Amino acid sequence: MRSAPVAALLPLLLGLRLLLGGGAAAQYSSDLCNWKGSGLTHESHRKDVEQVYLRCSEGSIEWMYPTGALIVNLRPNISPASYKHLTVCIKPFKDSAGANIYLEKTGELKLLVRDGDRSPSRVYCFGYDQGGLFVEATPQQDISRKITGFQYELMSKGIAADLHTASVIRGSIQNVTNEAEEQESIIHVGVNKLYRQKSKVFQLTGESGNWRGQIKTLLECGVKPGDGDFLFTGRMHFGEARLGCAPRFKDFQRMYREAKDKGLNPCEIGPD
C-alpha cells in the first residue's frame with residue numbers, strides 16, 4: 001500500500017485533527033451496526049469530515065453521492081484492552097464507486113481500496129491496531145450515480161477464537177479450484193467427522209449419506225488434493241465459509257496432546 005499524496009489530503013487531515021473543535025460532524029447509525037448517509041447534506045463549497053460510530057462486530061457502510069470524507073470508528077462492545085486482538089476485514093460492494101478507502105494512523109494515510117477497483121469478491125484485512133478507516137471522496141463531474149459502500153467484519157485472532165466460533169471438521173481434500181485473480185482457492189471437502197458447524201456449509205449428499213462442502217482459503221496456502229486427513233476450522237466470512245491454512249490431522253493431534261499436557265488447550269473437541 002502506498003501513502004496518499006499529502007497535499008491533496010491536507011484539508012481533510014486538518015479536519016481530522018480538529019475534531020474536538022467542531023471540525024467534523026458526528027453521524028450515528030440508527031442500529032449501531034450499519035450506516036447509510038449522503039454527501040448531499042454538505043454545502044457545495046465545504047469538504048466536511050464526518051464521523052461514523054459503529055458498535056457491532058459486523059455491518060455495512062453505504063455512502064451515497066460521496067463528497068468530503070468519512071472517519072469510520074469501529075468500537076465493538078468488548079473491553080478496549082481486547083481491541084489489539086482484533087482483525088478488521090472489509091469487502092467493497094460490487095458497484096462501489098466515488099471514493100478511496102485508506103488506513104489512517106497518527107495522520108499517516110495508506111491506500112487500502114482505490115476508487116474504481118473492480119474486484120467483486122476481494123476482501124481487505126488488517127489488524128485493528130494498524131489504524132482506522134478513512135474514506136475520501138474523489139473529484140467527480142457527476143456524483144448522482146456514485147455510491148461508496150462496503151461490508152465490515154471484526155474477528156478475534158488465534159486458534160482459540162476459531163475453535164470456539166467456527167465450524168470444525170476432519171476431512172479430506174477431494175478437489176481444489178484455484179482463482180488466481182482473487183488470490184484464493186476453493187477446497188472441495190469430503191467430511192470424515194463433523195465436530196461442529198454453525199451454518200449449512202456441509203450437507204449430506206446422495207444415497208451414501210456422506211457429508212460434503214466447499215471452503216475458501218488463501219491461494220498462498222498451496223492446497224492440493226490428495227491423501228490424508230486435515231482439521232478444518234472455518235468461519236462464515238461475508239456469507240462464505242473461509243479458513244486459514246489447515247494443518248494435517250496427525251499434526252493437530254500432536255499439537256493438541258502437547259497443549260493438553262501443559263493445560264493450555266483452548267477447547268475440547270477430541271483428538272480422535
Side-chain angles (χ1 to χ4, degrees), residues 1-13 16 27 33-40 42 47-50 52 54 58-74 86-105 107-155 177-186 216-221 236-242 244:
M1 294 185 292
R2 297 182 300 176
S3 295
V6 175
L9 294 166
L10 185 56
L12 298 177
L13 287 173
L16 177 65
Q27 295 289 329
C33 296
N34 308 290
W35 180 87
K36 186 174 182 179
S38 171
L40 294 182
H42 295 173
K47 287 191 175 181
D48 288 346
V49 180
E50 298 189 24
V52 174
L54 299 169
E58 61 183 66
S60 64
I61 293 284
E62 187 173 352
W63 193 20
M64 300 179 293
Y65 322 119
T67 60
L70 298 178
I71 299 170
V72 181
N73 300 278
L74 300 176
L86 294 177
T87 295
V88 181
C89 292
I90 68 169
K91 182 178 181 180
F93 294 163
K94 180 179 180 181
D95 298 320
S96 179
N100 293 323
I101 303 175
Y102 298 89
L103 274 180
E104 187 279 331
K105 187 173 184 180
E108 181 181 354
L109 296 175
K110 293 184 178 180
L111 185 61
L112 189 64
V113 185
R114 186 183 300 278
D115 183 18
D117 186 350
R118 292 292 183 268
S119 301
S121 60
R122 182 78 180 270
V123 174
Y124 304 82
C125 297
F126 54 92
Y128 187 93
D129 55 359
Q130 288 184 255
L133 290 170
F134 185 84
V135 188
E136 183 206 18
T138 54
Q140 303 287 337
Q141 293 271 339
D142 179 11
I143 66 170
S144 63
R145 298 180 182 274
K146 304 297 183 182
I147 298 178
T148 298
F150 57 87
Q151 298 171 270
Y152 71 87
E153 286 187 359
L154 286 80
M155 302 176 294
T177 304
N178 293 322
E179 297 183 350
E181 184 176 348
E182 305 301 334
Q183 289 295 296
E184 61 187 19
S185 299
I186 301 174
K216 287 190 175 183
T217 192
L218 301 173
L219 185 63
E220 65 187 48
C221 291
M236 295 306 293
H237 190 40
F238 298 115
E240 298 177 330
R242 304 187 71 91

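Bear in mind that the values here come from a model prediction, so they are computed numbers and not experimental data.
Atom CD1 in Ile90 sits 4.0 Å away from atom CD1 in Ile101 (nearest 0.5 Å). Note that CG of Leu154 is 10.5 Å distant from SG of Cys125, once rounded to the nearest 0.5 Å. Here CD of Gln151 is found 9.5 Å from CG of Asn34. Values are rounded to the nearest 0.5 Å.
Looking at Leu112 and Leu133, their side chains come closer than 4.5 Å, going by heavy atoms from C-beta outward. Contact of the Ile147 side chain with the Asp95 side chain is not registered, since no non-hydrogen atoms from C-beta on lie closer than 4.5 Å. Counting heavy atoms from C-beta outward, Trp63 and Val52 have side chains that stay 4.5 Å or more apart. By the 4.5 Å heavy-atom criterion applied to side chains, Gln140 and Thr138 are counted as neighbours. With contacts defined as side-chain heavy-atom distances shorter than 4.5 Å, the pair Glu179/Leu219 does not qualify. Side chains of Lys110 and Phe126 form no contact here, defined as non-hydrogen atoms less than 4.5 Å apart.
Residues Lys91 and Phe238 come closest through the heavy atom pair N-CZ, 3.8 Å. Shown here for Gly149 and Ser96, the closest heavy-atom pair between the two residues is N-OG, 3.1 Å.
In this structure a side-chain-to-backbone donor-acceptor pair under 3.5 Å is present from Lys105 to Asp129. Asn100 places no side-chain N or O within 3.5 Å of a backbone atom of Glu136 that could act as its donor or acceptor partner. Of the possible polar contacts, one joining the Tyr152 side chain to the Cys33 backbone as a donor-acceptor pair under 3.5 Å is found. A donor-acceptor pair under 3.5 Å is formed between the side chain of Thr148 and the backbone N or O of Ala97. In this structure a side-chain-to-backbone donor-acceptor pair under 3.5 Å is present from Tyr128 to Leu74. For Asp115 (side chain) and Gly98 (main-chain N/O), a donor-acceptor pair under 3.5 Å exists by modelled atom type.
Residues that satisfy the side-chain hydrogen bond (donor to acceptor under 3.5 Å, both in side chains) test with Tyr124, not counting sequence neighbours, are Asp117. Taking the side-chain hydrogen bond (donor to acceptor under 3.5 Å, both in side chains) definition, one finds that Asn178 meets it with Ser185, sequence neighbours left out. For Glu153, the side-chain hydrogen bond (donor to acceptor under 3.5 Å, both in side chains) test picks out His237, with sequence neighbours left out.
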Step-by-step side chain to side chain contact (heavy atoms under 4.5 Å, CB included) determination, Val135 to Phe150: CA-CA 11 Å; Val135 188; Phe150 57 87; 4.2 Å; yes
Ile71/Phe134 under side chain to side chain contact (heavy atoms under 4.5 Å, CB included): CA gap, chis, key distance, verdict: CA-CA 5 Å; Ile71 299 170; Phe134 185 84; 3.9 Å; yes
